[in-house]
Amino acid sequence: MNFHRSSQMLKAALIASVTAVAMPAAAQEASEIIVTAQRENRTQVSREGSVGVLGNQSAENVPFSVKSYNAALILNQQPQTLGQVLENDPSVRTTYGFGNAQEVFVIRGFTLASDDVGFDGLYGIVPRQLVAPELYESVQVLNGASAFLNGAAPGGGGLGGSVNLVPKRATAEGLKRATLNYTSSEHFGGSLDVGQRFGDGAFGVRLNAVARRGDVAIDDEFRSTYLVGGAFDYNSGPLRMSLDVAYQRMHVRGLRPKLRFAGAIPAVPAADTNYAQPWTYTTARDIFGIAKLEYDLADDVLFYASAGARDSSEHGIYGSITVADAATGAADYSSSYIPRTDNNESVQAGLRAKFGNDVVSSQANIGGSVNWLTNRNAYEFYTSSGMTNIYNPVVLPRSSAVTFAGGDINDPYPIERSRLASVFASNTLGFWEDRILLTGGVRIQAIKVRTYSTGDGSLDDTYDESELTPVAGLVIKPVEGLSLFANRIEGLQRGATAPNEATVINRGEVLAPFKSTQYEFGGKLNIGGIAASLAFYQTDKPSAYAIPDPEGSGLLRYGAYGKQRNRGIEVSLDGEVTKGLYLIAGASVNEAKFRETLNGVNEGNSVPGIPDYLVNAGLEWDTAFVPGLTLTGRVVHTGKQMADNANTLRLPEWTRVDLGARYVAVLGSQPVTFRFNVDNVANERYWASAFDAFSPQLLQGAPRTYKASLSVDF
C-alpha cells in the first residue's frame, strides 16, 4: 500500500470530519447572531418614560398617557427629522412654522413647536428649526397638558402634549456601528455610532456622527444635515453624572412652503411638484448640551440637578406664496430675509424621597427650575417677486425692494429676553400595596419677559406675571396588568397682547397668563406582551378678543373672553400579536370647537386644521421562510379638517401607505443589516394640513420616497 497515498486519504478524512462538525456549529452561531440582531433591531413602543419632575415612571403607575419610541425605530424607518418619527403616533401630526422649515407638532389639536421639545427634561435646549433624530435613544410623548410636570413651555406650546428626547448612553455590551443611507431622489449620507464602557463599567462614552446631503423626493428641494454628538457618563455607587454635548447644522434650499389661499381650496398639485423659488433657503447651526447629576442621599432619597444651554444661529430667505386663482393655480410669490440668534440656559434641581409602611407609601418631590432665553433677530420683508403657478411653477427674480423692516439686519440685537422660573412640590400616596396611587402637587410659575424696540433696541415693554398650576391624579390597579387613571392638570402660556389700535382702550396691554384646564380619564392594559391604552379627555383653552368697554368709555376692551374646547378619545395598541408578528397601532378622535366667541360668530364651529380623527397602524413580520428577513408595513390615515373659521372650506381625508423590508446577514461574526423602505407607495397627492397659528394655510404631503440603508457592526 502506498504510504503517501494513505496519509493523504487520512488527512482528507480528518478535514472532512472536522468540517462536518464545524459547519453545524458555525451555522448555529450565525443563526444566533441573526436572531439576536433581529431582536435588537425591533421597532418598539415602550410604555414608560420621563414624566417631568416625577422622574422616569412606568405608565401603569402614573395618571397620564405616556409612551416612548425607541432608537431601533429611528434606525429602521430612516427618518431625517423628528416629525417623521412622530408620524407613528396616532395623536400627533406635523406641519411647518411661519415660512421656514421649522417643524410644528399638533397634539390633541394644540401646537408644540420644535423649540418647545424637551431635552432630557429641560426646555430651550433642542435645536429650534429641525431636529436630527439619530442622536437620541428614545422619543417620549406625553399626551396632555403638562404645566406642573414640565413647567410652562418657553414658546407657549405644550397645551395638548409634550415631547422629550432622551440621549444615548454607552452600554455594557459596547457598540461600533456604521450606516450608509440613501433617500430618493439624490440624497446620500452615513452615520457612525460608537459606545464603550471603561473602568469596570463605571465610565461610559457614546459618540454619534451624521452627515447627509442631496435632493429629496420633492423636485429640487435640497437638504443637508451634519451632526456630531458626545455622551459621557459616570455611574458608580450612589453617584451618577452625565454630560451630553452636540453640534448640528442643517440647510434646506428650495423648501416647498405652505400655501396661503382665499375663497377656495385649490386642487392638489402633483405629489413631487415644488412651487418654491430656488433662491429660498434656511440655514441653522446649533451648539447645545446638558449636564446632569444624581446622588442617592439614602436608599430612597434622591437629589438631582441638571443644567443645559444652547447657542444657535439661523438665517434664511423665506418664501411666501398666496394662491390668487384656485382654478388656474396662479399665485403671488413674496419673500423675506430673517437672521436670528438664540442664547438659552436652563437649570433644574430637586429632591425625591420614598417612605412609608405596609399600609401607606409616600413619594414626595420638591424642586425648582429656571429658563433664561434671549432672542436676537431682524427682518426685511420684500415686495412681490411676481406671479407663479402651483401647477407649473415659474422661476422668478428675487425682489430686493423692502416693504417693511426691523432690527439691525447685519448684527441683530435682542428683541426679547425671557425668564421662566418655578418651584414645585408634589406627593404620591400609595394604598393597598400601591394598588391605589393618589397624586397631588402644585407649581408656582413666574413668567418675566422684556421686549425691545425693533427700531433702536430700546426697552419697549415688561411683562411680569405668575400663576399657580396644580395637578391631581388617581391610579387604581384592581388586577394585575390593568391600570385605571384620571387627572386634572393645567397648561400655561403667556397672555395675548391687546392690539395697538386707537379704538382699544387697553392697547398694548399684555394679559395675565392663559391657563388651560384638562380633565382626563382612561385605562391601560398589559397582557401577554400586548400593551393597550384608552383615554378620554377635555381641554378648555382661553381665547382673547375685544368687547365694548364694560365701564362705558365708548371704546373696546381686549381680554380673555372666549374659549376653545377640545374633546377627544385616544386608543393605542402595541406588542407581539403572535410569534414573529409585531403591531404598533392606534387611533384618536378630536372634537375641537370654538366656544364663547365674539357676538357668537362661528361659535360651535370646528377649529381649522384639526382633523376629526387619526388612525395609524404599523406591522413588522419576522418571516419564518427566510431567516433574518423582516417585512414591514404602515398605514397613516388622517380624517377631514376644516380650512377656515366659518367651516365653509374643508380638506378631505387622506391615507398614506408605507412598505419596507430589512434583512440581517452575518459577515464574519458580526451582523449586517440591509433596509429598504418606500413611503407613500401609491404616490398619493394630498393636503396634509391646514393648521397655522395665524390663519389657515395648506401644507402638501410628501411624495413617494425610497429609502435604503446598510448597517455594519464591527
>> Do the side chains of Lys593 and Glu603 get close enough for a salt bridge, i.e. N-O under 4.0 angstrom?
In response: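 Not counted as a salt bridge, because no side-chain N and carboxylate O are separated by less than 4.0 Å.
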
> Does a salt bridge link Glu465 with Lys448, judged by any charged N lying under 4.0 Å from a carboxylate O?
Replying inline: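 Judged by the 4.0 Å cut-off on N to carboxylate O distance, Glu465 and Lys448 do not form a salt bridge.
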
Do the non-hydrogen side-chain atoms of [X] and [Y] ever get within less than 4.5 Å of each other?
{"X": "Val635", "Y": "Val615", "result": "no"}
{"X": "Gln140", "Y": "Tyr69", "result": "no"}
{"X": "Val139", "Y": "Leu165", "result": "yes"}
{"X": "Gln445", "Y": "Glu467", "result": "no"}
{"X": "Phe148", "Y": "Val53", "result": "yes"}

Identify every side-chain donor-acceptor pair in residues 530-537 under 3.5 Å, counting partners at least two apart or on other chains, and give the distances.
| from | atom 1 | to | atom 2 | distance (Å) |
| --- | --- | --- | --- | --- |
| Ser533 | OG | Arg47 | NH1 | 3.0 |
| Ser533 | OG | Ser572 | OG | 2.7 |
| Tyr537 | OH | Asn590 | ND2 | 3.4 |

> Which one of Lys563, Arg565, Lys541 satisfies the salt bridge (charged side-chain N to carboxylate O under 4.0 Å, His left out) criterion with Glu596?
Replying inline: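 It is Lys563; the other options fail the test.
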
[X] side chain to [Y] backbone, donor-acceptor under 3.5 Å:
{"X": "Asn566", "Y": "Thr539", "answer": "no"}
{"X": "Asn602", "Y": "Asn605", "answer": "no"}
{"X": "Arg256", "Y": "Thr273", "answer": "yes"}
{"X": "Asp325", "Y": "Gly329", "answer": "no"}
{"X": "Thr497", "Y": "Gly495", "answer": "no"}
{"X": "Ser114", "Y": "Arg128", "answer": "yes"}
{"X": "Gln700", "Y": "Val268", "answer": "no"}
{"X": "Lys67", "Y": "Glu48", "answer": "no"}
{"X": "Gln129", "Y": "Gln102", "answer": "yes"}
{"X": "Ser146", "Y": "Asn150", "answer": "no"}

> Which residues pass the side chain to side chain contact (heavy atoms under 4.5 Å, CB included) test with Thr81, sequence neighbours left out?
Replying inline: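 So Thr81 forms a side chain to side chain contact (heavy atoms under 4.5 Å, CB included) with Gln84, Glu103, Leu130, Arg223.
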
> Partners of Ala425 by side chain to side chain contact (heavy atoms under 4.5 Å, CB included), sequence neighbours excluded?
Replying inline: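 With neighbours one apart ignored, the set is Ile366.
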
> Is the number of heavy atoms from other residues, nucleotides or ligands within 6.0 Å of CZ (Arg557) greater than 12?
Replying inline: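 It does: Arg557 CZ has more than 12 such atoms within range.
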
> Which of these, Val504, Ile505, Leu556, Asn506, sits in a side-chain contact (heavy atoms from CB on, under 4.5 Å) with Asp549?
Replying inline: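 The option that passes is Ile505.
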
>> Out of the candidates Asn616, Leu86, Val85, Leu614, only one should pair with Val92 under the side-chain contact (heavy atoms from CB on, under 4.5 Å) rule; please name it.
In response: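 Answer to the side-chain contact (heavy atoms from CB on, under 4.5 Å) test with Val92 among Asn616, Leu86, Val85, Leu614: Leu86.
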
Please name all residues satisfying salt bridge (charged side-chain N to carboxylate O under 4.0 Å, His left out) with [X], sequence neighbours left out, ordered by chain then number.
{"X": "Glu591", "result": "none"}
{"X": "Asp460", "result": "none"}
{"X": "Lys524", "result": "none"}

>> As a quick check of understanding, evaluate side-chain hydrogen bond (donor to acceptor under 3.5 Å, both in side chains) for Ser369 and Ser422, giving each step before the final call.
In response: CA-CA 5 Å; Ser369 65; Ser422 67; 2.9 Å; yes

>> Suppose the criterion is salt bridge (charged side-chain N to carboxylate O under 4.0 Å, His left out): which pairs have a residue in residues 490-507, not counting sequence neighbours?
In response: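 As it turns out, the salt bridge (charged side-chain N to carboxylate O under 4.0 Å, His left out) pairs with a partner in residues 490-507, which skip direct neighbours, are Glu416-Arg494, Arg488-Glu490, Glu490-Lys515.
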
Without placing hydrogens or testing angles, list every side-chain donor-acceptor pair under 3.5 Å for residues 638-646, not counting sequence neighbours.
| from | atom 1 | to | atom 2 | distance (Å) |
| --- | --- | --- | --- | --- |
| Thr638 | OG1 | Arg93 | NE | 2.9 |
| Thr638 | OG1 | Arg93 | NH2 | 3.4 |
| Lys640 | NZ | Asp612 | OD2 | 2.6 |
| Gln641 | OE1 | Ala690 | N | 3.2 |
| Gln641 | NE2 | Ala688 | O | 3.1 |
| Asp644 | OD1 | Asn647 | N | 3.1 |
| Asp644 | OD1 | Thr648 | N | 3.0 |
| Asp644 | OD1 | Leu649 | N | 3.0 |
| Asp644 | OD2 | Thr648 | N | 3.3 |
| Asp644 | OD2 | Thr648 | OG1 | 2.5 |

Would you check if there is a donor-acceptor pair between the side chains of [Y] and [X] at a distance under 3.5 Å?
{"X": "Asn389", "Y": "Tyr275", "result": "no"}
{"X": "Asp272", "Y": "Asn274", "result": "no"}
{"X": "Asp461", "Y": "Thr451", "result": "no"}
{"X": "Lys477", "Y": "Asn61", "result": "yes"}

> In chain order, what residues pass the side-chain hydrogen bond (donor to acceptor under 3.5 Å, both in side chains) check against Thr439, with sequence neighbours excluded?
Replying inline: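 Thr439 satisfies side-chain hydrogen bond (donor to acceptor under 3.5 Å, both in side chains) with Thr428 once adjacent residues are dropped.
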
>> Please enumerate all residues that pass side-chain hydrogen bond (donor to acceptor under 3.5 Å, both in side chains) together with Glu570, with sequence neighbours excluded.
In response: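 Partners of Glu570 under the side-chain hydrogen bond (donor to acceptor under 3.5 Å, both in side chains) test: Arg108, Asn143.
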
> With sequence neighbours excluded, what pairs up with Tyr686 under the ring pair (Phe, Tyr, Trp, His ring centres under 6.0 Å) test?
Replying inline: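 Result, ring pair (Phe, Tyr, Trp, His ring centres under 6.0 Å) vs Tyr686: Trp654.
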
> Can you name the residues that form a ring pair (Phe, Tyr, Trp, His ring centres under 6.0 Å) with Phe514, not counting sequence neighbours?
Replying inline: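 Expected list: none.
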
> If you measure from CD1 on Ile265 to CG on Leu698, what distance do you get to the nearest 0.5 Å?
Replying inline: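 The distance works out to 6.0 Å.
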
>> Run Asp679 and Arg704 through salt bridge (Lys or Arg N to Asp or Glu O under 4.0 Å) and show every step you take.
In response: CA-CA 6 Å; Asp679 292 349; Arg704 181 191 296 121; over 6 Å; no

